[in-house]
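To start, the structure itself, in structure tokens.
Everything numeric here is computed off the predicted structure, so don't read it as measured data. Order of listing sets the numbers, starting from 1, for every ligand and every atom in it.
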Amino acid sequence: MNPSQFAYQRAGSVDDAIALLQEHGEGAKLIAGGHSLLPIMKLRLAEPETLVDIGRIPELLGVRRANGEIVIGALTTHHQIATDAQIRSAIPLLADVAATIGDRQVRNRGTIGGALAHADPAADYPAAVLALEAMIVARGAQGERRIPAREFFLDFLTTALQPDEVLTEVHISIPPEGHGWSYQKLANQASGYAIVGVGAMADLDSQRVVADVRVGVTGAAAVAWRAEATEAALRGKRLEDGTVVAAADLVDGEIAFLDDLHGSAEYRRRVTRGLTRRAILEAAARAGRG
Ligand SMILES: Cc1cc2nc3c(=O)[nH]c(=O)nc-3n(C[C@H](O)[C@H](O)[C@H](O)COP(=O)(O)OP(=O)(O)OC[C@H]3O[C@@H](n4cnc5c(N)ncnc54)[C@H](O)[C@@H]3O)c2cc1C
């Protein structure tokens, strides 16, 4: 099917994009890489009257290191994130996650800003930005604000962004030297989307006691979430297989698991438990003390 008719406007700057969103109101939609928006427009699940193209705004490009953070522009593609030297060395979890997204074409066109703003329940980045406690920066007519990843994903395809806001950057604090990370994903074989994806960050002391652990889960439910009960059960404990199994089983009670053509709720629950164990154990092993 073809999309319904729409007007097209190219924004030259973020302020320009915000002004266009305000001018065209509810009928306007931003487009970046187009790899989530265009498919749903072709299915007529979205019928924007005006597309505001932000795909060539220079201030949304690039990766930089500043004040102990890696700052990633919204237009950074999945391929750039998977291969960027600064991201690979400072936050390998994000690079690993980006490398699993879709296929080469999707990774070359799709952007981190578009993926986060779209908030597809099967998208990969949410697991990583939750485990990394990223800050998502948005700018609108009221100015700029930093939204913690934990407060960003609200529901199915719904985020904390306001209709006139542009996601401009993702800020990620550089984790301590020696931290461990892991992304475990059961992928849909056709698209690459996560049926379940689990991102974990771990920090152990010299006695193998968990100093910190953070677990983000995507795909399993309508919205990505932090597996807080699992994390709490591990913090301050000596890391042993039995402790990890018991902690991972706590994901059971944390969320309403999705039940759809890709898997029943019970299947997703079991897969989530298993991938949570694997992610924590691999992150612990990479921390060099696991
Ligand atoms: C065949 C295929 C396979 C895929 N496989 C995967 C996969 O395995 N894992 C995965 O995670 N994703 C997958 N995707 C989705 C892909 O990652 C998209 O690139 C991504 O979800 C959206 O990024 P985009 O730049 O293309 O956004 P667009 O499609 O341009 O926009 C998506 C939405 O975000 C809004 N938006 C875009 N940029 C901004 C911004 N800066 N500020 C505010 N709102 C904004 C738009 O208005 C729109 O509502 C797949 C897509 C396809 C077509």
Side-chain angles (χ1 to χ4, degrees), residues 3 6 8-11 13-14 16-18 20-21 24 26-43 45-57 59-61 72-82 94 96-130 136-140 144-145 147 152-153 156-170 183 185-197 199 216 218-219 224 262:
F6 56 87
Y8 173 87
Q9 301 262 7
R10 182 182 294 165
S13 66
V14 173
D16 195 13
I18 296 166
L20 286 165
L21 286 175
H24 295 282
E26 279 188 0
K29 212 137 192 35
L30 298 176
I31 184 160
H35 270 58
S36 286
L37 185 56
L38 289 178
I40 60 171
M41 284 173 66
K42 287 183 176 174
L43 293 168
L45 295 171
E47 298 186 89
E49 288 157 17
T50 306
L51 283 187
V52 177
D53 188 352
I54 56 169
R56 298 185 195 188
I57 298 179
E59 62 197 291
L60 295 178
L61 291 169
I72 304 168
L75 286 180
T76 311
T77 63
H78 312 326
H79 173 73
Q80 287 165 337
I81 289 175
L94 195 74
D96 283 2
V97 166
T100 74
I101 294 177
D103 53 34
R104 200 165 289 194
Q105 180 182 337
V106 172
R107 290 195 293 277
N108 275 317
R109 288 293 304 167
T111 67
I112 188 168
L116 294 174
H118 191 58
D120 191 309
D124 290 286
Y125 285 130
V129 297
L130 284 164
I136 293 159
V137 181
R139 203 193 311 163
E144 189 169 272
R145 62 190 181 118
I147 310 165
F152 186 77
F153 305 105
F156 181 80
L157 303 181
T158 308
T159 69
L161 288 174
Q162 294 300 310
D164 72 345
E165 281 183 323
V166 179
L167 191 165
T168 55
E169 289 175 341
V170 180
Y183 186 55
K185 162 173 165 177
L186 175 68
N188 177 309
Q189 292 303 301
S191 65
Y193 275 111
I195 295 170
V196 178
T218 193
H262 301 299

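Not a single heavy atom of Q105 sits closer than 4.0 Å to an atom of ligand 1.
The proximity of K185 to ligand 1, defined as any non-hydrogen pair under 4.0 Å, is limited to the side chain. Only the side chain of V106 comes within contact range of ligand 1, with a heavy atom under 4.0 Å; no backbone atom does. The residue D103 has no part lying near ligand 1, judged by heavy-atom distances below 4.0 Å.
The shortest N or O to N or O distance between G192 and ligand 1 is under 3.5 Å. For a threshold of 3.5 Å applied to N or O pairs, the pair formed by L161 and ligand 1 contains no separation below that value. Distances between N or O atoms of A122 and those of ligand 1 include no value under 3.5 Å. Taking any N or O of Y125, backbone or side chain, none lies under 3.5 Å from an N or O belonging to ligand 1. Considering backbone and side-chain atoms alike, G34 places an N or O below 3.5 Å from some N or O of ligand 1. For ligand 1, the polar-atom distance check against G102 finds a nitrogen or oxygen pair separated by under 3.5 Å. Backbone and side-chain nitrogen or oxygen atoms of A32 are examined, and one is located within less than 3.5 angstrom of a nitrogen or oxygen of ligand 1.
Inspection of the Y193 and H262 side chains reveals no N or O donor paired with an N or O acceptor under 3.5 Å.
Of all protein heavy atoms, the one closest to atom 11 (O) of ligand 1 is D124 N, 2.9 Å. Of all protein heavy atoms, the one lying nearest to atom 39 (C) of ligand 1 is I54 CD1, 3.9 Å. Closest protein heavy atom to atom 14 (N) of ligand 1: Y193 OH, 3.0 Å. From the protein, the heavy atom lying nearest to atom 18 (C) of ligand 1 is S36 OG, 3.5 Å. Here the heavy atom of the protein found nearest to atom 5 (N) of ligand 1 is S191 O, 3.1 Å. When only non-hydrogen protein atoms are considered, atom 25 (O) of ligand 1 lies nearest to T111 OG1, 2.6 Å. Taking atom 24 (P) of ligand 1 as the reference point, the nearest protein heavy-atom neighbour is G33 N, 3.6 Å. For atom 34 (O) of ligand 1, the closest heavy atom belonging to the protein is G114 O, 3.5 Å.
Within the 4.5 Å cutoff, no side-chain heavy atoms of Y125 are placed close to those of V170. Looking only at side-chain heavy atoms (C-beta outward), T100 and Y183 come within less than 4.5 Å of each other. Using a 4.5 Å heavy-atom cutoff, the side chains of M41 and P48 are in contact.
Every residue two or more places apart in sequence or in another chain that forms a side-chain contact (heavy atoms from CB on, under 4.5 Å) with L20 is listed here: Q9, A11, D16, E23, H24, V52.
With hydrogens and angles ignored, the 3.5 Å screen pairs no side-chain donor or acceptor of S191 with any backbone N or O of G102. Between the side chain of T159 and the backbone N or O of F152 there is no donor-acceptor pair closer than 3.5 Å. With hydrogens and angles ignored, the 3.5 Å screen pairs a side-chain donor or acceptor of T158 with a backbone N or O of F156. Side-chain N or O atoms of H35 include one that pairs as donor or acceptor with a backbone N or O of G33 at under 3.5 Å.
Using a 4.0 Å cut-off between charged nitrogen and carboxylate oxygen, R145 and E165 count as a salt-bridge pair. With respect to E169 and R139, no salt bridge is recorded, no charged nitrogen being found less than 4.0 Å from a carboxylate O.
Shown in contact with A115 at under 4.0 Å from a heavy atom are these atoms of ligand 1, numbered in order with element: 20 (C), 21 (O), 22 (C), 23 (O). Listed by number with element, the atoms of ligand 1 under 4.0 Å from a non-hydrogen atom of A117 are 34 (O), 35 (C), 36 (N), 43 (C), 44 (N), 45 (C). Close contacts of ligand 1 with I31, meaning ligand atoms under 4.0 Å from a residue heavy atom, involve 30 (O).
Sorted by first and then second residue, the pairs that involve residues 106-128 and meet salt bridge (Lys or Arg N to Asp or Glu O under 4.0 Å), not counting sequence neighbours, are D124-K185.
Atom CD of E59 has more than 12 heavy atoms from other residues, nucleotides or ligands within 6.0 Å.
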